[in-house]
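Just so we're on the same page: letters track the sequence lines, and every chain starts at 1.
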Amino acid sequence: MFVSVQDCAAAAFDELNAEQRAAVTHRGGPLLVLAGAGTGKTTTLCSRVAWLVAEGAMPQGLLLLTFTRRAAREMVARAGALLGSNTAGTVAGGTFHSTAHQLVRVHAAALGLPPNFGVLDPSDACDLLDLLREERGLAERRSRFPRKGTLLDIYSRCVNAQQPLSEVVAASFPWCEEHVEELVALFRLYGERKRELALLDLDDLLLYWHALAHDEVLGAQMDAMFEHILVDEYQDLNALQVEIVRRLRTERRELTVVGDDAQAIYGFRSASAEHILNFPDHYPDATVVTLEHNYRSTQPILDLANEVAAGATRFYPKRLRADREGGSRPQLVFCVDQSAQAHEVCLRVLDAYEQGTALREQAVLMRAGHHSDLLELELSRRKIPYVKYGGIRYLDAAHVKDFLSLLRLTDNPADQLAWFRILQLLEGVGPVTARRALDTLDLDSLDNTAQLAERWLAVEQLLKEPARQGAVRLISALTWSAEQPTVGPRVERLRDALAPLIRNHYKDGATRLRDLDELTRAAAEAHSLSIFLAELALDPPSSTAALAGPPDLDDDYLILSTVHSAKGLEWDAVHVIAASDGNFPSDMALTTPEGLEEERRLFYVALTRARHTLSIYVPLRYYHQPHARTDTHGYGNQSRFLTNAAEALCDRIDLPTDRHDWTTTNLVTTETVTVDLTDLWH
DNA sequence: TTCTCGAGCAAGCAC
DNA sequence: TGCTCGAGAA
């Protein structure tokens, strides 16, 4: 039986509510969809893609820009399902950075870039800045010159917020003001060095895309190429991204942007909610559709969320209404301290589990990754399985960087940064010897890997015996792999050559090697190593588990997540921990009014993740984390976002201050310690 | 010149 | 806590 694209799409559109349908079937100029939390934003955007195609748009003429690549893939797949065909598969979609990467590759020649340019991930960019800082003698301790991480932050903000350095420093890094001139020189040098090394950092990708869009011929070409542009999470765009979109819509007016100013939480990445608030000014012919009908949460939860959102200084007025009836009020749980909080969370999680809510349908959300330290201890003790999102990033681990450096060398043997890192893994080789070896290799005049092997003989003379063996293994693996066409065997050979060095260099070498196995497997599936490496920088896995794919569906585990990582997700039961002032809002954010506003939105995002039950925990006493040896502690107040009005919308629960469980736990610990101590005397 | 160890300090969210 | 830097030993 033949079912037309229009029929399929039409059937799906019947399920949309009136506002959603207005957004989906909008014709003509710019459209702003203000989609409150849980109002079916993704459904609307997917349906719009499907509707546009059903109305005759060419899928390859659609550009869908999302916040993560996963979101892009999901949306394209869903739009395809709506159409009852895979025509939507050809929609161009991805993050700004990955799309920029593709376009810059295509137009590399026009941009004066070599075809095999590499992409620096943020930690590589940090290292390069650190190197230049040292070269210029700015690293001396007394001068209090900013550290490498701060340098990258400053640089990145200039680029992404499109603001001059002096303004950025004055506004966000006032303690660096005495160094502005040195910073200018350093950043100039950074730009030159990246050019020399044929490397682009993430900011460069956007800059080059911006330059392409700005070009009279190429810009017009791109404008014409994308019949329709759709942007998700518009509130998280920075000035540079906003500018790119504007450049791409000088002739054509077909632009759909979706977002929620109340969920703008990426200010630290130079995003600004002002862009979505000012959208109607930038595009005077824009139509605005607001989605307020919430399909996720119960009304009592939304009442609290609405109350918190209403405290903001500037916002599009919105009031979320629940689709479902009933529901219980959020619970505000006051605990004596973080231990009591951990204990209580475990009890409630297990309780819900016994009532039939699977662990994976429950989540613990926190402002900062370390807020769950004690809770993780308690979960392990009780053998409750959990997975934590956010936190230390996998690509920042030293051994992972080592391996990636080695992979980069097969692609580009002239990569000095990679060499510098790899050489120092050899026993008895430090910065000085590594530098000498680099001089001997004279990478600038290197044409191919065969040449490398020749010059390497000279380098070997510089090395002492223990280093030589490992070095020979590395170089033979590199020359061998340069001639291998398939990625899989290449990566495995390189891993094997690196393994003894990793084992030697790190105390926990064996554990670290296991991480490399995952990476080896993932790389083996890629068509090209350079694309794999670039994509890794553009879409970094948050853990080795992420590389290995989603865990078994049978596995049931509790989700622990930072609020940032929880954006866009939802659970039956949500536990927001550490809702005390100083933690949430974070006291670091309180130096500016905008900082406080962003914390409020973050809190709002946390609350709106819950479907059925929401518990907010306020530990009243907390120990100062950094100097845990002394038992100094402070008394926390409840988060300032939990105003009287907000509190009135919750059920307040005060846990007893002299908890029986708490004292018992303490006694057990004391006994163990005593036993250990007695053993010590023998 | 490299390696090890202790002190000092900053600290978060992430494409 | 965990990273980075400086001091001092090998």
key: Contiguous pairing runs of three or more, Watson-Crick or G-U under 3.5 Å, that involve DNA chain B   = B:1-10 with C:1-10

inquiry  = Going by side-chain contact (heavy atoms from CB on, under 4.5 Å), name the residues that satisfy it together with Phe315(A), two or more places apart in sequence or in a different chain.
reply    = Asp261(A), Ala312(A)

request  = Compare the minimum distances between each of dT4(C), dT2(B), dC15(B) and the side chain of Leu202(A), then state the nucleotide with the smallest one.
outcome  = dC15(B)

message = Can you identify which nucleotide, out of dT1(B), dC15(B), dA14(B), has its nearest atom closest to the Ser565(A) side chain?
response = dA14(B)

Contacts of type side-chain contact (heavy atoms from CB on, under 4.5 Å), residue Glu243(A), not counting sequence neighbours = His210(A), Arg246(A), Arg247(A)

message = Under 4.0 Å, heavy atoms only, any strand: does Arg435(A) hit a base, just the sugar-phosphate, or nothing?
response = nothing

ask   = Which nucleotide in the set dT1(B), dA14(B), dC15(B) lies at the smallest distance from any side-chain heavy atom of His564(A)?
value = dA14(B)

request  = Compute both the distance and the angle, then confirm whether Lys567(A) meets the cation-pi test with Tyr266(A): under 6.0 Å from the six-membered ring centre, within 45 degrees of the axis.
outcome  = no

key: Proximity of Tyr208(A) and His107(A) rings by center, below 6.0 Å   = no

Atom pair distance, as rounded to whole Å: CG in Leu240(A) and P in dC15(B) = 17 Å

request  = Could you check how far CG of Leu536(A) sits from C1' of dA14(B), rounded to whole Å?
outcome  = 15 Å

Could you pull out the protein-nucleic contacts involving nucleotides 3-5 of chain B (nitrogen or oxygen on both sides, under 3.5 Å)?
| unit_1 | atom_1 | unit_2 | atom_2 | d |
| --- | --- | --- | --- | --- |
| dC3(B) | OP1 | Gly428(A) | N | 2.8 |

Under 3.5 Å, which donor-acceptor pairs link side chains of residues 597-604 of chain A to any protein atom two or more places apart or in another chain?
| unit_1 | atom_1 | unit_2 | atom_2 | d |
| --- | --- | --- | --- | --- |
| Glu597(A) | OE1 | Thr313(A) | N | 3.1 |
| Glu597(A) | OE2 | Arg600(A) | NH2 | 3.3 |
| Glu598(A) | OE1 | Gly267(A) | N | 3.1 |
| Glu598(A) | OE1 | Arg601(A) | NH2 | 3.4 |
| Glu598(A) | OE2 | Gly267(A) | N | 2.8 |
| Glu599(A) | OE1 | Arg367(A) | NE | 2.9 |
| Glu599(A) | OE1 | Ser586(A) | N | 2.9 |
| Glu599(A) | OE2 | Arg367(A) | NE | 3.3 |
| Glu599(A) | OE2 | Arg367(A) | NH2 | 2.9 |
| Arg600(A) | NH2 | Gly311(A) | O | 3.4 |
| Arg601(A) | NE | Ala264(A) | O | 2.6 |
| Arg601(A) | NH2 | Ala264(A) | O | 3.4 |

ask   = ring pair (Phe, Tyr, Trp, His ring centres under 6.0 Å) with Tyr506(A): which residues, sequence neighbours excluded?
value = none

query = Does Glu274(A) have any side-chain contact (heavy atoms from CB on, under 4.5 Å) partners at least two apart in sequence or in another chain, and if so, which?
reply = Ser272(A), Leu277(A), Asn278(A), Arg314(A)

inquiry  = Applying side-chain contact (heavy atoms from CB on, under 4.5 Å), can you list everything that pairs with Leu569(A), at least two apart in sequence or on another chain?
reply    = Trp571(A)

note = Closest to the 5' end of DNA chain B, once Phe67(A) and Thr150(A) are matched to their nearest nucleotides, is Thr150(A)

inquiry  = Does dC5(C) have OP1 or OP2 under 4.0 Å away from a side-chain N or O of Arg133(A)?
reply    = yes

query = Does Arg147(A) have a side-chain nitrogen or oxygen under 4.0 Å from the phosphate oxygens OP1 or OP2 of dC3(C)?
reply = no

task = Would you mind reading off the distance between His101(A) atom NE2 and dC15(B) atom C1', rounded to a whole angstrom?
result = 13 Å

remark   = note: Lys148(A), atom NZ; dA11(B), atom P; distance rounded to Å ~ 13 Å

ask   = In whole angstrom, what separates Leu377(A)'s CG from dT1(C)'s C1'?
value = 14 Å

request  = Could you check if a side-chain atom of Tyr234(A) sits within less than 4.5 angstrom of a side-chain atom of Val242(A), using non-hydrogen atoms only?
outcome  = yes

key: Separation of atom CG in Leu151(A) from atom P in dA10(B), rounded to whole Å   = 14 Å

ask   = Looking at residues at least two apart in the chain, or sitting in another chain, which of them share a ring pair (Phe, Tyr, Trp, His ring centres under 6.0 Å) with His575(A)?
value = Tyr617(A)

task = Residues of residues 262-270 of chain A with any non-hydrogen atom less than 4.0 angstrom from an atom of DNA chain B: list those, numerically ordered, please.
result = Tyr266(A), Phe268(A), Arg269(A)

message = Below the 4.0 Å mark, does dC15(B) have OP1 or OP2 next to a side-chain nitrogen or oxygen of Ser98(A)?
response = no

query = What does Leu538(A) touch in the nucleic acid at a heavy-atom separation under 4.0 angstrom: a base, only the sugar-phosphate, or nothing?
reply = sugar-phosphate

query = Which residues pass the salt bridge (charged side-chain N to carboxylate O under 4.0 Å, His left out) test with Asp204(A), sequence neighbours left out?
reply = Lys194(A)

ask   = So what does Lys567(A) hit on the nucleic acid, given a heavy-atom distance under 4.0 Å: a base, only sugar-phosphate, or nothing?
value = nothing

ask   = Roughly, in whole Å, what's the span from CG in Leu602(A) to C1' in dA14(B)?
value = 13 Å

query = Could you walk me through whether Asp153(A) and Lys148(A) pass the salt bridge (charged side-chain N to carboxylate O under 4.0 Å, His left out) check?
reply = CA-CA 9 Å; Asp153(A) 282 349; Lys148(A) 57 179 178 179; over 6 Å; no

request  = Please name all residues satisfying ring pair (Phe, Tyr, Trp, His ring centres under 6.0 Å) with Phe187(A), sequence neighbours left out, ordered by chain then number.
outcome  = Tyr155(A)

ask   = With sugar-phosphate meaning primed atoms plus P, OP1 and OP2, does Glu599(A) contact a base, only sugar-phosphate, or nothing at under 4.0 Å between heavy atoms?
value = base

task = May I have the distance from Asp153(A) (atom CG) to dA14(B) (atom C1'), rounded to whole angstrom?
result = 11 Å

